[in-house]
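Convention: sequence-line order gives letters A, B, ...; per-chain numbering from 1.
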Amino acid sequence: MAAHRCSYSALLLIICSLSMFIVADSQETTLTGDNHATELDNPQTATETAGQMAEQPAVEERRLWEATEVEEATPDDADTDKQDTSTPETAVPSSVPQPKDDFQEELVIRPLHSGDIYASFQFRTLWETDFMRGNKVSHYRLFPKSLGQVISKFSVRELHISFTQGYWRTMQWGQPFLPSPPGAELWVWFQDSVTDVDGTWKELTNVLSGIFCASLNFIDSTNTVQPSASFKPLGIGNVTDHSFLRYATLPREIVCTENLTPWKKLLPCGSKAGLAVLLKSEKLFHSSFHSQAVHIRPVCQDWQCKTTSWELRQTLNVVFDLHTPGQGKREWSLFKMFSRTLTEACPLASSSKIYIDITDNPQGEQFEVSPATPLLSQAMVLGDRRTFSVYDLTQQITFGTVRSLNLLIRWKSSEGDMLRPLLHGERYVAGYGLQTGEIHTLMYNNHPYRSFPVLLLDSVPWYLRLYIHTLTVASKGKDNKPSYIHYQPSKDRVRPHLLEMLVQLPPNSVTEVTVQFERALLKWTEYTPDPNHGFYVGSSVISSLVPSIVAMDTNSTREQPLFSSFFPCKEESSYFVRVYTEPLLVNLPTPDFSMPYNVICLTCTVVAVGYGSLYNLLTRSFQIDEPSPGLAKRIANIIRKMRGVPPL
Amino acid sequence: MKILTFFSLFSTFLSANSINVEENAGQFFSSGHTNNWAVLVCTSRFWFNYRHVANTLSVYRSVKRLGIPDSHIVLMLADDMACNHRNPKPATVFSHKNMELNVYGDDVEVDYRGYEVTVENFLRVLTGRLPPSTPRSKRLLSDDRSNILIYLTGHGGNGFLKFQDSEEISNVELADAFEQMWQKRRYNELLFIIDTCQGASMYERFYSPNLMALASSQVGEDSLSHQPDLAIGVHLMDRYTFYLLEFLEDIHPASKANMKDLFKVCPKSQCVSTPGHRTDLFLRDPGSALITDFFGSVRKVEITMETINLTDLIKEAEILYILSLHQVDPCCDKYCTFGH
């Protein structure tokens with residue numbers, strides 16, 4: 001009995017020790033790290049050290065929070081969520097006062113005479129800092145960091161990039177506030193400190209293609225030009241050396257939500273508050289014209305230009321078609337255009353306004369706008385004095401009792417005509433066949449008695465070989481000699497043609513520029529996967545100072561709405577206009593890429609027929625074969641044989 | 001005596017419980033990957049290949065929903081369907097007829113689009129041999145602890161996949177690219193899904209370890225499309241990816257579904273073709289590999305017993321914290337836009 005008991009308890013002890021051992025073993029496997037050999041003999045000590053480890057990260061975290069609070073010398077209202085820590089025990093004084101930055105947003109709505117509506121968003125961030133002279137900027141607030149890094153790394157002085165879907169119809173819609181060509185357009189002024197502009201340009205296009213999710217990496221020397229007169233800097237700077245300017249367009253580039261998404265993420269409020277709430281892709285891309293752009297340039301802060309700041313403008317222009325939503329009623333509202341209404345301004349914006357152009361509606365007989373607003377504003381824009389109803393979103397009263405703003409524009413009558421645009425351009429390809437052709441560019445001057453000069457910039461790819469000796473410029477049937485021509489011939493597969501001319505347009509006339517070309521045959525690897533679509537030629541650019549009806553405002557530092565202050569105004573009697581023509585689509589002689597298959601079939605057939613015939617001819621032998629007689633004859637022959645007479 | 005039995009039983013009960021906890025904790029670390037990447041490629045051009053773009057976008061949508069961020073997804077679409085002029089509803093790509101589900105959405109970032117989707121670019125992305133000026137959003141920056149999901153769709157044949165009607169990639173090239181990735185330690189485990197005709201031929205030649213492959217049809221079979229939408233006028237999705245999307249819509253980040261469930265997606269009765277899979281190169285049991293190991297992005301926590309010097313760590317952590325504040329990436333990551 002005792003022996004049994006002894007063995008029984010011994011067994012139990014063995015089981016207990018085994019289980020302890022297993023527990024210790026599995027604890028060993030859970031704790032990673034090399035030094036577990038000595039510490040895991042007693043599971044008790046293991047849990048103690050684990051507890052200590054848990055304390056240490058908490059201490060770390062608290063000290064992390066401290067360090068961050070010290071960094072932010074001017075905390076913003078928007079990031080109060082980061083300030084929820086305990087008071088710092090060691091206060092390090094902040095060293096540098098943060099430069100001032102300012103954000104404004106506005107939306108301009110212009111009803112067009114055809115019943116369509118034109119909406120133009122502008123978001124501007126002004127920042128008093130200096131990216132030039134190798135300054136290391138590290139604290140970003142409203143200015144997006146990705147663009148700031150691009151500016152400082154590539155020593156960019158000015159950057160203008162636009163993505164457009166559709167073509168702006170000047171004669172039906174008037175002049176846009178910010179013109180842009182179909183596809184993608186990028187032009188950049190570099191600073192004088194850049195030594196290798198071409199290399200920097202290539203890297204910049206690659207970086208921008210990553211930021212905007214576009215195929216800007218297809219910009220290379222075959223579609224980049226250095227215009228000598230057409231693209232002067234829009235910011236400060238009296239630069240005359242055009243080797244620091246690069247211009248390129250990609251007419252085939254598509255704009256879709258994947259380009260809008262990163263564009264919206266550059267805004268300080270994102271698409272969560274303010275006017276950017278209206279930017280919904282399903283409505284924006286279901287339009288006749290959509291263009292989004294980013295413009296960066298240095299500007300003067302005051303009249304003497306003692307301080308400069310960097311200005312970032314993000315603009316979005318869209319024209320909605322009356323007939324697209326299905327109903328023919330001439331009525332527009334924010335909800336109908338954008339499927340959203342506004343509930344608040346962006347909290348980071350110093351000003352947030354909506355302007356509705358009511359110049360053609362002084363007594364309210366053409367259309368009516370509701371809710372009514374007492375605020376009116378006048379601005380000198382595009383050579384005309386326009387009147388606008390203003391809705392200030394920073395005032396709570398704008399939203400009324402329903403706490404949301406849905407502007408409604410209802411048309412009452414459809415008479416009235418639009419101010420005819422003074423400058424207008426068209427372009428087309430003439431000719432037939434796939435060998436030669438002719439490019440015609442037409443420039444219209446609609447002013448009744450004034451003539452003015454325009455700069456025409458044409459950049460034609462190398463595979464359309466221009467015959468410049470056939471260039472003719474004619475107005476009203478007579479030859480019109482340009483006063484300045486800059487021509488750079490193309491080099492196959494290296495650079496495109498560049499033609500810049502200063503032409504004086506006589507009043508009330510059409511000027512036609514024609515040049516003949518020949519189409520080149522590309523190497524078979526240079527064709528795109530869909531070569532039968534055709535090849536695009538970028539838009540021509542027509543830039544000019546057009547005489548204005550009213551005196552323009554040359555004081556650039558006065559508070560002006562954003563849409564009237566984009567192009568700098570140097571003199572009162574004219575304003576700057578840039579018109580883009582249509583891009584061209586030309587067919588190049590394209591080989592049949594299903595040719596290998598066809599060649600094999602054809603060759604095999606020819607070989608089979610040819611060889612077969614030859615073989616037959618050589619080896620066939622002919623024998624005379626008598627035809628077998630008919631049945632009657634055979635019976636007759638049998639009877640004759642029986643009679644002994646010779647057969648038939 | 002009774003006390004002894006009671007004590008022994010109690011201790012075995014305790015030890016059994018703790019064994020369970022340790023087992024669970026052990027399984028927590030069993031996969032060995034710390035980050036997830038996805039490379040989603042649609043290789044077809046032209047409007048009538050709408051369904052291939054819809055296929056790729058539905059996998060993109062699932063992968064984003066389960067947690068992989070845009071900075072870890074390389075999305076390649078050979079043509080633009082959403083803003084195509086033939087699309088009656090611009091900026092949308094639908095996967096179900098009657099326009100039920102817009103897989104394009106409002107927040108999409110396409111890294112390679114249009115003419116950039118070529119065999120050369122695809123292989124360069126996989127092997128990491130890109131020109132120095134390539135932005136970060138266009139790179140596959142995986143390391144040896146990354147699980148990568150690769151999804152290809154388009155028109156294919158026995159041993160090849162057609163890119164944009166002008167070139168093709170063969171199964172030998174693909175297998176060699178994966179071997180390069182293995183030798184450069186660019187992946188921990190790789191899941192390869194292909195939805196084309198005769199898709200199983202594309203994974204026949206793989207020879208690198210830790211690869212698992214799924215295809216929508218066997219050699220000699222065609223993968224068929226699912227349903228046309230009469231308003232849009234084209235077929236919206238392929239069958240295999242349609243049922244794959246339905247399966248993935250039920251998965252959430254904490255789901256415990258494993259690869260064996262994935263193999264059962266789209267049987268012959270629904271798909272008409274016979275989906276196939278290959279797991280002989282995969283070192284773990286497919287039943288222990290979770291769906292979220294490849295489609296989701298689960299962050300793991302590691303406990304270490306080492307002693308750490310706090311002063312150095314604070315400086316580093318400070319920098320990391322400040323960087324993370326600016327992590328909103330419009331199609332790229334923090335300092336990274338400039339290559340490497």
In short, A:Cys213 meets B:Glu109 closest at the heavy-atom pair SG-CB, 3.9 Å

Between A:Pro144, A:Ala214, A:Ser271, which residue shows the highest count of heavy-atom pairs closer than 4.5 Å to chain B? A:Ala214

d(B:Tyr104 OH, A:Glu282 CD) to nearest 0.5 Å is 11.0 Å

Which of the residues B:Gln164, B:Glu116, B:Arg113, B:Lys138 is involved in the greatest number of heavy-atom pairs with chain A at under 4.5 angstrom? B:Arg113

Hey, are the side chains of A:Cys256 and B:Asp80 touching, using non-hydrogen atoms and a 4.5 Å cut-off? yes

Regarding A:Lys265 and B:Asp107, does a basic nitrogen lie under 4.0 Å from an acidic carboxylate oxygen? yes

Counting only heavy atoms closer than 4.5 Å, note whether B:Phe46 contacts chain A via side chain, backbone, both or neither. side chain

Non-hydrogen side-chain atoms of A:Pro529 and B:Asp165 separated by less than 4.5 Å: no

Separation of A:Ser209 OG from B:Tyr112 OH (nearest 0.5 Å): 8.5 Å

Do you know the tightest heavy-atom contact between B:Gly105 and A:Thr257? O-CG2, 4.0 Å

Should A:Lys202 and B:Ser133 count as side-chain neighbours, where that means a heavy-atom distance under 4.5 Å? no

How far does CG of B:Asp106 sit from CG of A:Leu279, to the nearest 0.5 angstrom? 10.0 Å

Looking at A:Phe285 and B:Pro90, what are the two nearest heavy atoms and their distance? O-CB, 3.6 Å

Heavy-atom side-chain proximity of A:Asp530 to B:Tyr115 below 4.5 angstrom: yes

Is any side-chain heavy atom of B:Thr134 less than 4.5 Å from a side-chain heavy atom of A:Asn206? no

A:Phe212 CZ to B:Ser137 OG distance, which is reported to the nearest 0.5 Å: 12.0 Å

Around atom NZ of B:Lys89, are there more than 12 heavy atoms of other residues, nucleotides or ligands at under 6.0 Å? no

Chain B heavy atoms under 4.5 Å from A:Tyr527: which part of the residue, side chain, backbone, both or neither? neither

What part of B:Asn87 gets within 4.5 angstrom of chain A, counting heavy atoms only: side chain, backbone, both, or neither? neither

If you define the side chain from C-beta out and look only at heavy atoms, does anything of B:Leu75 sit under 4.5 Å from A:Glu258? no

